[in-house]
Engineer: 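Let me give you the structure first, and then I'll get to my questions.
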Amino acid sequence: MRDTSNAIQGASRDAEIVRDVLDGNVDAFSLLVLRYQQRAYAMVFRAVRSASLAADLTQDAFIQAYEKLEQFSPGRPFYPWLHAIALNIVRDYYRKEGRQDILHVDIDSVTTIADEPPAEARLDMDRAVAALEQLPILYREALILRYREEYEFTEVARALNIGLSAAKMRVKRGLELLRDMIGGE
Amino acid sequence: MHTPDKREREYPAGLYEAIRGYEDAKAPAELLPGILNGLKPRRLSLWQRLLRLMREPVTVSFTPARGIATVAVLAVALMSLQLVWYGAEAPVAERTSVLLAERAVAVPDAAHGTVPVRFVLADELRRNHSVAVIGSFNQWQDGGYSMRYDTAAKVWVLDLMLPRGEYEYVFLVDGRMTIPDPGISLVREDNFGSRNSVLYVGDETREI
């Protein structure tokens, strides 16, 4: 599990930086950018698959976070809040592009990428990664937050801006989809 | 590391490995300056401005010539005050002005033409573990330029003797973050999009 004391310490430090920014110290915001730009950019890139577009949307996300910083709840981790903002910006982008299908995926339409079981373990991993990349963004993000970032379900829910039970369901469905896509049991 | 619960063990272990090992695209270097350039200063209420003013450190810049003149004027004023207070025959407390002079005036190193400069960074809650000053005067290396924490004033302080000239510098916080001096109004962007504070050290040491 994630080191809880480190997480609490990080949240407390984020809250202090946020207070500085709200007091008018614009430069303090650069500390939050330095800390979270990589994670935010990576998430947006996973969603749009374009380096320049991901940079633009990530920039929009940070600027929007700065502008609505009063709405951030001190004591809570900053990144899930930023993640939710970035995800909304990705949603808005696809909405404007008329590509809402990317975010509202019919699960039955997700194709299986392997018909035969893999022969080697390494192949297993490659196929699993390929399947992860093909997974609809909302499921992929839920799985990455839960199992790579090791977020609690409450934090996954906050980052995806959905309820707790919906977050659990999304992780479960994501795992099922992934398993089906690589042809697992 | 996350330990799969009973339900999660229903899925092949390779799934979790793939998720944990999923590599991210690297954020481009221009992302940070792009974001910082897009931020507009926040409009603060009068109360917030007052609070901020009270929290900020006050930086005093002076030249040796002006410092000596100021101390001399202060000394004369103090002595005059005492004369008025105690009467013309009252003894003068000479040590007062001498001590003031010793404390207030940093003597320039005439042999090398250097001038004393004090760098100050407020850190009331001591949130940072270490702070150093890096700039054009030390080739942006922090070795030997670490600041000491003044627990009484709750600020990080570094006193340097610098040759006259114009310098750019930033504070290196905890060895990994750089911030311009909040007490200096002029910042200049370098070729990498970072913002550096600008200081002029000369006969009239001042921020420009």
Side-chain angles (χ1 to χ4, degrees), chain A residues 1-2 13 16-17 21-31 33-35 37-43 45-46 51-52 54-56 58-63 66-67 69 118 121 124-133 140 143-144 146-148 150 171-172 175-176 178-179 182 184-185, chain B residues 1-4 7-8 10-45 48-49 51-56 122 124-125 127-128 170-171 173-174 176-182 187 194-195 197:
Chain A
M1 294 293 281
R2 219 163 28 137
R13 191 167 162 75
E16 288 171 13
I17 296 171
V21 177
L22 291 175
D23 282 350
N25 183 2
V26 183
D27 289 326
F29 195 73
S30 65
L31 300 178
V33 180
L34 280 167
R35 188 175 291 178
Q37 63 172 344
Q38 176 55 48
R39 270 199 268 179
Y41 173 83
M43 187 280 284
F45 182 86
R46 288 194 296 270
S52 58
D56 287 347
T58 307
Q59 183 172 324
D60 291 348
F62 272 103
I63 291 172
Y66 171 81
E67 287 169 352
L69 206 55
D124 254 344
M125 182 61 72
D126 289 344
R127 290 153 67 99
V129 170
L132 191 59
E133 289 188 341
R140 185 173 60 225
L143 293 180
I144 286 178
R146 175 69 180 139
Y147 297 114
R148 196 187 68 179
E150 300 189 344
V171 167
K172 179 175 180 293
L175 287 170
E176 288 172 355
L178 206 51
R179 181 189 59 193
I182 61 173
E185 293 301 318
Chain B
M1 181 178 290
H2 175 78
T3 308
R7 182 184 293 173
E8 289 164 354
E10 295 171 9
Y11 304 97
L15 283 189
Y16 302 108
E17 286 174 38
I19 297 167
R20 280 194 289 270
Y22 189 80
E23 285 187 21
D24 280 330
K26 296 288 176 205
E30 62 271 19
L31 183 58
L32 174 66
I35 292 167
L36 297 183
N37 286 336
L39 303 181
K40 294 174 185 164
R42 308 184 77 83
R43 292 176 71 89
L44 300 179
S45 65
Q48 284 177 308
R49 284 201 296 270
L51 267 181
R52 191 181 173 199
L53 198 66
M54 300 295 281
R55 284 193 191 130
E56 281 188 343
E124 192 177 353
L125 301 175
R127 289 177 301 180
N128 306 305
V170 289
F171 294 120
V173 178
D174 291 342
R176 58 196 173 88
M177 295 174 194
T178 59
I179 55 171
D181 190 339
V187 291
S194 299
R195 296 197 292 176
S197 301

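Chain letters run A, B, ... following the sequence lines, proteins first, then strands; residues in each count from 1.
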Engineer: Kindly determine whether B/Tyr22 and A/Arg46 satisfy side chain to side chain contact (heavy atoms under 4.5 Å, CB included), including the steps that lead there.
Structural biologist: CA-CA 11 Å; B/Tyr22 189 80; A/Arg46 288 194 296 270; 3.3 Å; yes
Engineer: Starting at CG of A/Asp60, measure out to CD1 of B/Ile35 and round the result to the nearest 0.5 Å.
Structural biologist: 9.5 Å
Engineer: ring-ring contact (aromatic ring centres under 6.0 Å, His included) with A/Tyr66: which residues, sequence neighbours excluded?
Structural biologist: A/Phe29
Engineer: State which residues pass salt bridge (Lys or Arg N to Asp or Glu O under 4.0 Å) with A/Arg140; sequence neighbours excluded, sorted by chain then number.
Structural biologist: none
Engineer: Taking all atoms of both residues into account, what is the closest heavy-atom pair of A/Gln38 and B/Ala25, and its distance?
Structural biologist: NE2-O, 2.8 Å
Engineer: So which of B/Ile179, B/Leu39, B/Leu32 has the largest heavy-atom pair count under 4.5 angstrom toward chain A?
Structural biologist: B/Leu39
Engineer: Nearest 0.5 angstrom please: A/Leu143 CG to B/Arg20 CZ, how far?
Structural biologist: 12.0 Å
Engineer: Name the option with the most non-hydrogen atom pairs under 4.5 Å to chain B; the candidates are A/Leu69, A/Thr58, A/Leu22, A/Asp56.
Structural biologist: A/Leu22
Engineer: Which atom pair, heavy atoms only, marks the closest approach of A/Ile63 to B/Gly38?
Structural biologist: CD1-CA, 3.8 Å
Engineer: Check whether B/Lys40 gets within reach of chain A through its side chain, its backbone, both or neither, counting any heavy atom under 4.5 Å.
Structural biologist: backbone
Engineer: Rounded to the nearest 0.5 Å, how far apart are CG of A/Asp27 and CZ of B/Arg195?
Structural biologist: 4.5 Å
Engineer: Chain B heavy atoms under 4.5 Å from A/Glu67: which part of the residue, side chain, backbone, both or neither?
Structural biologist: backbone
Engineer: Identify the two heavy atoms, one from B/Pro41 and one from A/Val26, that lie closest to each other, and give their separation to 0.1 Å.
Structural biologist: CA-CG2, 3.9 Å
Engineer: Quick one: pull up CG in B/Leu15 and CZ in A/Arg127 and give me the separation to the nearest 0.5 Å.
Structural biologist: 12.0 Å
Engineer: What's the separation between atom CD in B/Glu124 and atom CD in A/Glu16, rounded to the nearest 0.5 Å?
Structural biologist: 11.0 Å
Engineer: Taking B/Leu31, B/Val173, B/Leu125 one by one, which has the highest count of heavy-atom pairs under 4.5 Å against chain A?
Structural biologist: B/Leu31
Engineer: As an exercise, state the distance from CD of A/Gln37 to NZ of B/Lys26, rounded to the nearest 0.5 Å.
Structural biologist: 11.5 Å
